[in-house]
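Structure, as structure tokens:
Throughout, protein chains are lettered first and strands after them, A, B, ... in sequence-line order, and every chain is numbered starting at 1. Note: hydrogens, waters and symmetry copies are ignored here, and every other heavy atom, side chains too, is used.
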Amino acid sequence: MEEKGIPSKRGSISFVILFIFIFTINMKFGFSQQETEILTRQEAINLIVNEIVQPFTLDHHVMVFLGTEMIQPGRTIWPYFDEQDSQTITKPTWFAWINDYPDAYFAHDTRYIFIDANTGEYEVRTAQWWPVLDGESLWMTDEEWLDELLVIYSNINIE
Amino acid sequence: MNTKIIRLMGIIFIMILLICPDWVTPKNRCILVNGGGTPSGNQAKDKIIDDALAKMRQIMETWHDPDMIHEVDRKDSLIAKLQSMKGKVACGDTLTLVLVGHGSNETFSFTPSKENMTADELLKYFKEIVDTVCCCKINVIIDACFSGSFREKLFQDKHVVSVQASTDVDEWSWDFKSKYRWINLFNDDLQQASDDSLNLGDALNAGAKSARDSIPEDIKPFQHPIGWCRGKHQALAHIDMPPDTSQGKALVTLYEPYFARNCSRLVDIPDPQEQLEHCHWITFTADFGGPDDDMTYAGELKLVAPPTETIIAHVEGVDREKNKLKVKVIQPSWIGNNLDSLHVKPPAKIAADVDSCRWIKQEVTIDDPSYGGYMTTSSSVIIYDYTFRATGHIDWVDTTVTWGRWVKIRFTRPPWLATQIRYVWFPSNYTSNITLNPCKSIIFPLKPDNRNFDATGPADKISANQASVKPQPVQPSTPKPIPKPTPEEEEREEEEQPSKFFLGFAAKPEYAFWNLNDFQKSKETYERYDEEEGSTASAETFSGSMGYIAEIMGGFHLASGHIIGLSTGYGPHPGGTFSQRYHDNTGYTSTVGLDLSVHTIPVEIFYKMKLNHAALFLDLSAGIDFYRATVDYNWNYGTAGSLKGNMKDSGMGFHFSIGSEFFFRKNMALFVQAGYGFATLNHFTGILTDQDGHQTDMHLIMIDESKYGESLWVAPVPVNAFYEPDTRPAEIDFNGLRFSVGIQLFLNSP
């Protein structure tokens, strides 16, 4: 019995140590997951529409565009005719464009939304022209205006 | 000699005319400038501009040699074309410049080539062309955002005779839909002017005037095309102040020419044949300079009748005694808020149903266009069924009935309704093409009168995505009545939907905890006797009862998921038995039994609310209970005798409960309830019979024999017997918790 008891005790100690090890690894892994957790596109959509657009407060038409992927640091966005107002992305960012008054020609009021994908904090900048990303105009083709993936909110019939 | 030279020169001049007539014939030149709509230049927004300019070219051929119409789509091309005219533009020539595209303050944009041309630059090139010539004419037509900001700047050049802009100085040019783009409205009327053989100058004025009036209703408040045209025009004006009160000049508000409408000017009118007074209308020829220049009287003064307009207006108030209305004019837009008083000339009347918040369409004369002025009408005022194209955000949808929906909408259009919240009734066939959910947008024809907002046609499908966010429905702040369905809708409703009213039954086993203090006290007393007197005694009692209640219930829907109703039923509670047995050392033995049975009739009002789960309801109820209780008394004291009989009492109590129901079938539900009830019965009386057959009217009391200390027990005594010490009626309290689980069956599903 005694001989059998000793290994049994060692086994218990080993089990406790293993448990603590696994727990520690798991906690560390969990925390690191939390640190790198990023805003999903759907979360970004909810934030843009519910907190920024607030459809139930609107007194005018809007179309809201959001890219399918985040914009990575180093890229630059500016209004089409106002390149001097360019903004360089420094963090992974969900970028959305609220085209206020989409039934008006340009120049007219629009809003650029920069959402920090890590923290969910966002910045709203007003601009008079559509956005340009590294020289490429965004969301100004017919297909894009009818793309239900890109247009995350609209209260206008453009057909 | 001199005569010969003159003749020779004359012959040479005639030959030049015959060989090159263009050198001396005034020429019309036109440059069509396509600024583009998108960076790629090949999207629908670009096509609108391409098509508009193509049509413009076609119309312009009425006044231009096709070779004299040029198209450019880049800044350098425009500059090159303008510079190429240097030295070729002669006195009497006309240059018409048409620019369509994007723009900002005093700037026109060439979008695909990403170039801008400012009003200053354009002015500079105009001066280069015509600097050496004194009498050529330049017309500018420009459709772009902020295009009105070009007007004052371009009129700095005296050769610019007209500028027609799609917007005021700080406005946007609206509508991607080609039909309503200002340049297309302009084209429509330019075509008409061409068909009517007007000269170019008059045609441009006609196009600009009509295009301004044709701006769609929902854009009018945001887009006010402006223009100006130098030269002599027939003026129609209202005299705000006659000449003798304004330093010899009359202060007038212009109605014509159209580009100067509502402009006030001081004009030096010579002594007229007739005395001019305030509110007279006059016509005269006036010489207009630039927009900022004075207007000069040029003759032909006449007194005329006030102009007439057809207005669409919202009635703000009615004064039937004075036959006047206070109105808000939304069309024509130039009237704006200036005129809000409409006088109805007898025998014309205001119809009885014309009241505040109605709409009218009326032909009126503009008697006094100055601020706070008035209009008159000679025709009776009747309600106008005005239908708007409305857009808005859906805050809430009432889904109570199937023949239509009350929808709470926060409007974005028409502009005068923007941000206001209204309930709009949509018959079901008007919403078949759309998803009518909170947080969606909706576009539909609306006939509003501020009392009833009714959709008057099918709602449009919204083309773009709106389903990406979780709806956050907003509850209505005020309930609205549901309009009655049409007979067809009623029939369909009857076929498809359960009735609003329902009837059901419930079988309801119920366990109630009763507070039987007096029986409990009796039990304790007998047990104490047992200890004190060496007797053997035992007693038993009970504390509650399982009853069985059958209920019938009926109710109706208040709104979606909310039900209210009444129920009643009947049920016996068998109750229980209090029994005691006593035996002392003398051989005396007695047994006493009190059997309690209760019958209840509950009457309650209930409220049921549908929970998130479609089949689960929360149930709240409260009501009164009618009790009928019987105590069956049976006392045997061995061979000595017995006393038997029933004593009864009835009374009323009340209860409340909370519970939940789960519909496992369309018409069947399981339910569970918990509640609390209150009731006390304490007047049990009846006729008891002894061993000899004698009957005595007795009642059940709580005897207190102080010699035993606090020694109490329940016993029947003759009603009129004196008994001491003090007694009080025996009580049975039905206060306590009650629980029930059961099944409900509905004849029609709630």
Side-chain angles (χ1 to χ4, degrees), chain A residues 41-51 53-66 79-83 99-109 128-130 132 135-159, chain B residues 37-40 42-45 101-105 107 109 111 114 116 143-146 166-167 171-177 180-181 218-219 222-223 391-395 410-413 415 418-421 438-443 460-470 472 474:
Chain A
R41 187 170 188 271
Q42 184 58 48
E43 289 169 334
I45 290 171
N46 290 344
L47 187 151
I48 293 161
V49 177
N50 292 333
E51 288 191 26
V53 177
Q54 297 188 14
F56 55 90
T57 65
L58 286 173
D59 63 352
H60 61 276
H61 291 155
V62 300
M63 285 185 79
V64 187
F65 296 84
L66 177 67
Y80 188 69
F81 274 107
D82 295 323
E83 196 166 345
N99 185 358
D100 294 284
Y101 313 98
D103 38 3
Y105 264 53
F106 290 92
H108 68 252
D109 293 344
Q128 296 290 308
W129 298 91
W130 58 86
V132 174
E136 191 80 22
S137 285
L138 295 179
W139 305 313
M140 279 301 285
T141 67
D142 301 340
E143 293 75 23
E144 287 168 326
W145 277 51
L146 294 171
D147 189 333
E148 295 200 349
L149 186 63
L150 297 175
V151 181
I152 60 169
Y153 182 83
S154 168
N155 59 359
I156 184 172
N157 184 355
I158 58 162
E159 287 177 341
Chain B
T38 69
S40 64
N42 58 6
Q43 303 297 309
K45 304 167 194 72
H102 294 304
S104 49
N105 189 34
T107 304
S109 298
T111 301
K114 213 171 175 183
N116 286 323
D143 183 351
C145 293
F146 301 89
S166 64
T167 74
E171 290 176 337
W172 308 323
S173 200
W174 286 77
D175 220 310
F176 276 127
K177 292 183 180 176
Y180 298 120
R181 179 99 200 205
D218 56 347
I219 299 298
F222 309 119
Q223 184 174 351
T391 65
H393 172 264
I394 299 174
D395 278 359
R410 183 183 297 268
F411 283 92
T412 50
R413 297 278 174 84
T419 73
Q420 293 191 42
I421 296 173
C439 224
K440 299 264 183 185
S441 295
I442 189 166
I443 303 172
D460 285 0
K461 185 176 181 297
I462 301 283
S463 56
N465 186 12
Q466 298 191 80
S468 300
V469 291
K470 189 179 174 185
Q472 296 181 318
V474 180

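Within the model, atoms CE of A:Met140 and CH2 of A:Trp145 stand 6.0 Å from one another, a figure rounded to the nearest 0.5 Å. Separating the CD atom in B:Gln223 from the OG1 atom in B:Thr167 is a distance of 6.5 Å, to the nearest 0.5 Å.
Residue A:Gln54: no heavy atom, backbone or side chain, is found under 4.5 Å from chain B. Heavy-atom distances place no part of B:Phe222 under 4.5 Å from chain A, backbone and side chain included. Residue contact with chain A, scored on non-hydrogen atoms closer than 4.5 Å, is absent for B:Thr107.
Heavy atoms of other residues, nucleotides or ligands lying less than 6.0 angstrom from CD of A:Glu143 number more than 12.
A:Asp100 and A:His108 share no donor-acceptor pair across their side chains, judged by distance under 3.5 Å alone.
Comparing B:Ser109, B:Ser40, B:Ser104 by heavy-atom pairs within less than 4.5 Å of chain A, the highest count is held by B:Ser109.
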